[in-house]
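Here the structure comes first, spelled out in structure tokens, and everything after it is commentary.
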Amino acid sequence: MRDIKKRWLAFYFEHVEQAAKEIFEHLEKMIIGTLVVSAGTHVSSSNEPFIVLFGYLRHNLVGRGVELFGIALLILNFVDGFSKLAKLNWHVAYQIAMSLCYVILSMRMIQLILAFRGE
């Protein structure tokens with residue numbers, strides 16, 4: 001019985017723990033980028049004419065800037081994840097499928113966050 005437990009712990013520490021850590025770090029970065037994009041979308045679609053911050057700035061302009069920053073975060077996270085996938089010796093079709101899943105999941109998360117903002 002101890003041999004099974006020892007083998008399981010060895011397998012867990014060698015494979016599962018590192019993969020789970022990488023996946024959750026990647027998802028955390030994706031969620032942060034998605035929240036930034038949805039915050040920019042919310043600000044750019046508001047009806048307020050301007051805000052007073054270092055002079056007068058239109059909400060539309062500020063919102064678009066925040067959206068671009070969030071999109072840049074998502075692109076950097078995508079490139080980081082894609083480079084990590086490229087280092088693995090997996091089939092190209094699997095890498096393309098993972099990339100498509102990332103893009104679809106990011107877009108769906110933005111839609112859900114915008115739907116829950118409560119207008």
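In this chain, residues are counted from 1 in sequence order. Values below: all heavy atoms of this structure, side chains included; hydrogens, waters and symmetry mates excluded.
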Honestly curious: do V79 and L74 fall in one hydrophobic cluster under the side-chain, below-4.5 Å linking rule? yes
Taking the inter-plane angle between the rings of F82 and F78 on a 0 to 90° scale, is it parallel (under 30°), tilted (30 to 60°) or perpendicular (over 60°)? parallel
Step-by-step side chain to side chain contact (heavy atoms under 4.5 Å, CB included) determination, E25 to K21: CA-CA 6 Å; E25 284 179 0; K21 180 183 173 194; 3.2 Å; yes
What do you reckon, is CZ of F69 surrounded by more than 12 foreign heavy atoms closer than 6.0 Å? no
The reported gap from CG in L105 to CZ in R108 (rounded to nearest 0.5 angstrom) is 10.0 Å
Under 4.5 Å between side-chain heavy atoms, hopping through other hydrophobics if needed: is there a path connecting M30 to I75? yes
Just how far is it from atom CD1 of I31 to atom NE2 of H26, taken to the nearest 0.5 Å? 11.0 Å
Taking the hydrophobic residues Ile, Leu, Val, Met, Phe, Trp and Tyr, and joining any pair whose side-chain heavy atoms are under 4.5 Å apart, which ones share a cluster with I96? V92, L100
Linked, directly or transitively: L68 and L76 (ILVMFWY side chains, under 4.5 Å): no
Looking only at non-hydrogen atoms, find the nearest pair between L73 and V36 and report the distance. CD1-CG2, 4.4 Å
Taking all heavy atoms of I71 and all of V37, pick out the closest pair and write down the distance. N-CG2, 3.5 Å
Point-to-point distance, once rounded to the nearest 0.5 Å, from CD1 of I4 to CG of L9: 12.0 Å
Under the ring pair (Phe, Tyr, Trp, His ring centres under 6.0 Å) test, residues paired with Y94 that sit two or more places apart: W90
